[in-house]
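For the numbers below, each heavy atom of this structure counts, side chains included, while hydrogens, waters and symmetry mates do not. All chains are named by letter (A, B, ...) in the order of the sequence lines, taking the proteins before the strands, and each is independently numbered beginning at 1.
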2 protein chains.
Amino acid sequence: MVSKACSLHPNVLSAQCPTRQVLDLIADKWTTLVIYLLARGRQRYGDLHRQIGGISQKMLTQTLRKLERDGLVARHVYPEVPPRTEYELTVLGHTLIEPMGALCTWAEGHLAELEQARRRYDHLQKKASLSA
Amino acid sequence: MVSKACSLHPNVLSAQCPTRQVLDLIADKWTTLVIYLLARGRQRYGDLHRQIGGISQKMLTQTLRKLERDGLVARHVYPEVPPRTEYELTVLGHTLIEPMGALCTWAEGHLAELEQARRRYDHLQKKASLSA
DNA sequence: CAGCATCCCGATGGATACTG
DNA sequence: CAGTATCCATCGGGATGCTG
């Protein structure tokens, strides 16, 4: 937002805008969690699965594959029995930590206001519906 | 990510983590676009609708209501005929512009790498499937 | 003009079962 | 262990039509 490339082109609103790409990247339940966990260091598939603990195998695999495709996560398969696979952030992946951290910091700093606004809004809605 | 509150609690992975709240906030196609447009200043419903140009009335209204509920956007209804409604970012809403800008800047700076990674990945996948 | 109500389709994603 | 394949319920969200 308020970015140079976006301001120059009228197509901020198009799917071609970089903004869209990034949002599509982090805009699902699991991606951010995976990145967050991998920010701590290289980890095995099973460890990720256990830590996230609400995610299905399907979603974890799908998320990891997407991140790998985007070059944010590297996949290391060891030809052993039983198999072992480790995941870690790439250099590119690490660069994403900071801006995402900024967003997280914002969240923590303004969560109270946000919740207060919600309560107030819901309260007013309730009163309005009662008077109707 | 890599945030204090998140690191302290083991429940980063729970829905209670502020991260989740923020992501839920911006994680859909339209929210960011609306915020982006409103960052330019107060605007009418119809103007937003026309500028975004792929959005349905349903989604625009829904997005605006959500942002209003979260205290990020203020809604001004003028009791006129025909009706006029204007939307603008609240003070809280403005504070979100910067962290979102950081993400956008990241996107612009790394989009090329991202696309290259994708091409490379898809290329390798193709070769793998052919040899099979 | 600025919505709300309704219908409806496709995608998302969980649960389950199977495999190298 | 680290997946893949399949089935199926839910839901986001578009299209359409109506109202104050």
- Atom CZ of A/R75 with >12 non-hydrogen neighbours under 6.0 angstrom: yes
- Nucleotide C/dG13, atom P - distance to CG of A/L64 in whole Å: 14 Å
- Protein-nucleotide distance (A/Y78, atom OH; D/dG3, atom P), rounded to Å: 13 Å
- Task: Grab the CG-C1' distance between A/L60 and C/dG14 for me, whole Å please.
- Result: 14 Å
- Query: Counting side-chain heavy atoms from C-beta on, which of C/dA2, D/dT4, D/dA2 comes nearest to A/T61?
  - Reply: D/dT4
- Nearest to the side chain of B/P82 - C/dG3, C/dC1, D/dG3? C/dC1
- Task: Examine the side chains of A/R65 and B/Q125 and answer whether a donor and an acceptor come within less than 3.5 Å of each other.
- Result: no
- Query: What is the distance from CD1 of B/I55 to P of D/dG13, rounded to the nearest Å?
  - Reply: 10 Å
- Against the side chain of B/T85, the closest entry in D/dG14, C/dA2, D/dA2 is C/dA2
- Can you tell which of C/dA15, D/dG14, C/dC1 lies closest to the side chain of A/K58? C/dA15
- Any chance you could lay out the salt bridge (charged side-chain N to carboxylate O under 4.0 Å, His left out) test for A/D122 and A/R119, step after step, and finish with the verdict? CA-CA 5 Å; A/D122 292 344; A/R119 276 194 304 273; over 6 Å; no
- Out of C/dG14, C/dA2, D/dG3, which nucleotide sits closest to the side chain of A/W30? C/dG14
- Atom-pair distance (CD on B/Q43; C1' on C/dA2), nearest Å: 16 Å
- Query: Nearest of D/dG3, D/dG14, D/dG17 to any side-chain atom of A/R65?
  - Reply: D/dG3
- Message: OP1 or OP2 of C/dG3 versus the side-chain N and O atoms of B/R44: is any pair under 4.0 Å?
- Response: no
- Heavy-atom distance under 4.5 Å between the side chains of B/I55 and B/L48, does that happen here? no
- Query: Is any side-chain N or O of A/R84 closer than 4.0 Å to OP1 or OP2 of D/dA2?
  - Reply: no
- Just compare D/dA2, D/dG20, C/dC4 and give me whichever is closest to any side-chain atom of B/P83. D/dG20
- If you check every side-chain atom of A/Q62, which of C/dG14, C/dG13, D/dG3 has the closest atom? C/dG13
